[in-house]
Amino acid sequence: MSKVSVLVVDDATFIRDLVKKGLRDHFPGVQIEEAINGRKAQQMLSRQVVDLVLCDWEMPEMSGLELLTWCREQDNLKTTPFIMVTSRGDKENVVQAIQAGVSDYIGKPFSNEQLVTKVKKALSRAGKLQALAASAPPKMLSTGGFANDSLAALTGGKAEVVKPSTATPVPAAQTAPSAAPAAAAPSKSPAGRGQGQLRLPSGSMACVIKALSLKEALLVVKRTEQLPQVLESAVLDLEQGEAAETARLNGYLHAVAAFEPKPDSEWLQLTFRFVDRDPQKLDYLSRLIARGTAQKHFSPGA
């Protein structure tokens, strides 16, 4: 019996590795091919047949939407399952992908459970799931902790899964009454060069951008009961400028630390490392950095 083959297309190595690890963990018999952009994927699909395509939307040379449109024009690819894996979750983008013939949609950031569910659904519809069922593990390696999915991808599943406590007490400093002495007053929101939205598999949170470079962003977020985890995949939504430009930047949390020098710090400082290599996004970042250096409250140094 021939192996079921999946083509993973993304210009970010981190995302490709995350997807490949998730597929191998849950479908050990699967054959995985990869491409760094739509153009490379197009060349591969012209030479060989695959059973499923998992593709990013925004990539250099040829986008995921352009690749999808090309696939649906080819006789041998008209019905091949094509799942778009992207941070573009706007209704108009989803409609555009549906009109182009997309089979399904996975929004970034995603967990292994979400990825596996979508892949199972696509392979089942194509009549290919049964070919993998015999060799599939009885249960997923991930215990469901969103924050540890990307960590497992880099450690081979050997890292311990740390589950957030559901009964984490709120620090006393955050619940102090308004009549408390001035020394115990809650800390003010940190000043920064702008605001954004950080999307994690477990939810979204507003963030203050303290510093920015083409490599990473230094963010400050308000502490919650469920703490962000190092190596957790995420998407940073930025909307700045007179034209209200919006960029969805893919990446992962490289570091998490207390913003204030105390254990019950109300604010956390996150180092968000970019994984995109899309020229348009890099150009956007360059222009954003250039505008930011003129702001009085911004201190270069990312």
Side-chain angles (χ1 to χ4, degrees), residues 4 6-28 30 32 34 51-59 64 68 81-91 93-95 97-98 102-126 128-129 132-133 136-157 159 161-164 197-205 226-237 248-253 272 275-276:
V4 173
V6 178
L7 175 60
V8 179
V9 190
D10 202 300
D11 58 321
T13 303
F14 179 82
I15 301 298
R16 292 201 308 274
D17 290 345
L18 195 64
V19 173
K20 289 188 297 181
K21 185 63 169 57
L23 291 176
R24 289 186 178 123
D25 281 348
H26 300 86
F27 310 106
V30 71
I32 302 176
E34 61 181 307
D51 298 299
L52 171 65
V53 178
L54 289 163
C55 185
D56 183 28
W57 185 307
E58 298 173 291
M59 297 178 291
L68 171 61
F82 194 111
I83 300 178
M84 199 74 82
V85 186
T86 178
S87 55
R88 287 196 173 200
D90 299 339
K91 181 179 178 180
N93 291 318
V94 174
V95 171
I98 292 175
V102 75
S103 305
D104 212 331
Y105 201 96
I106 300 178
K108 294 180 181 176
F110 55 87
S111 69
N112 273 345
E113 286 185 344
Q114 293 169 325
L115 173 66
V116 170
T117 298
K118 295 287 187 178
V119 171
K120 280 184 176 180
K121 182 179 177 182
L123 292 178
S124 178
R125 286 178 174 176
K128 299 290 183 179
L129 186 60
L132 291 174
K139 58 183 178 179
M140 295 187 294
L141 293 183
S142 171
T143 59
F146 288 116
N148 294 279
D149 292 333
S150 51
L151 179 59
L154 299 182
T155 61
V161 176
V162 180
K163 295 183 179 180
Q197 191 81 5
L198 184 66
R199 283 187 278 148
L200 301 168
S202 56
S204 300
M205 56 177 62
Q226 187 166 344
L227 300 178
Q229 301 293 311
V230 173
L231 298 182
E232 186 171 19
S233 61
V235 175
L236 177 61
D237 294 329
R248 300 172 180 84
L249 306 171
N250 299 295
Y252 65 95
L253 298 184
F272 179 79
V275 298
D276 289 308

**OP:** Would you check, one step at a time, whether the test side chain to side chain contact (heavy atoms under 4.5 Å, CB included) holds for V4 with L123?
**Re:** CA-CA 9 Å; V4 173; L123 292 178; 4.0 Å; yes
**OP:** Let me see the working for E34 and L7 under side chain to side chain contact (heavy atoms under 4.5 Å, CB included), right down to the final yes or no.
**Re:** CA-CA 5 Å; E34 61 181 307; L7 175 60; 5.5 Å; no
**OP:** Check the pair S111, Q114 against side chain to side chain contact (heavy atoms under 4.5 Å, CB included), reporting the backbone distance first and the verdict last.
**Re:** CA-CA 5 Å; S111 69; Q114 293 169 325; 3.4 Å; yes
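Using a 4.0 Å cut-off between a side-chain N of Lys or Arg and a carboxylate O of Asp or Glu, D56 and K108 qualify as a salt bridge. Under a 4.0 Å N-O distance rule, the pair D104/K118 qualifies as a salt bridge. A salt bridge links K21 with D25: the distance from a Lys NZ or Arg NE/NH1/NH2 to an Asp or Glu carboxylate oxygen falls below 4.0 Å.
Considering all non-hydrogen atoms of both residues, P201 and E232 come closest at CD-OE2, 3.6 Å. The two residues L198 and A234 have their closest heavy-atom pair at CD1-CB, 4.0 Å. Nearest heavy atom pair, residue F27 against residue V119, reads CE1-CG1, 3.7 Å. Residues D51 and P81 approach most closely at O-CD, 3.2 Å, considering heavy atoms. Scanning all heavy atoms of the two residues, the minimum distance from P228 to L200 falls at CB-CD1, 4.3 Å.
In this structure, the side chains of V8 and L23 come closer than 4.5 Å at one or more pairs of heavy atoms. A heavy-atom distance below 4.5 Å is found between the side chains of S233 and F14. Within the 4.5 Å cutoff, side-chain heavy atoms of V9 are placed close to those of M59. Inter-residue side-chain proximity for M205 and R199 is flagged as unmet; no heavy-atom pair is nearer than 4.5 Å. With a 4.5 Å cut-off on side-chain heavy atoms, L68 and C55 do not count as touching. At least one side-chain heavy atom of T13 sits less than 4.5 Å from a side-chain heavy atom of R16. Residues V19 and F110 meet the side-chain proximity criterion, which asks for heavy atoms closer than 4.5 Å. Proximity of L52 to I83: side-chain heavy atoms (C-beta onward) are separated by under 4.5 Å at one or more points.
Considering CD1 of I15 and CG of N250, their distance stands at 5.5 Å, rounded to 0.5 Å. With rounding to the nearest 0.5 Å, the separation of CG in L227 from OG in S202 is 10.0 Å. Of the inter-residue distances, the one linking L236 atom CG with L249 atom CG reads 5.5 Å to the nearest 0.5 angstrom. From S87, atom OG reaches atom CG of D237 across 7.0 Å, with rounding to the nearest 0.5 Å. In this structure, Q229 CD and Y252 OH are separated by 15.5 Å, a value rounded to the nearest 0.5 Å.
With respect to L54, the side chain to side chain contact (heavy atoms under 4.5 Å, CB included) criterion is satisfied by exactly one of D10, V6, I32: V6.
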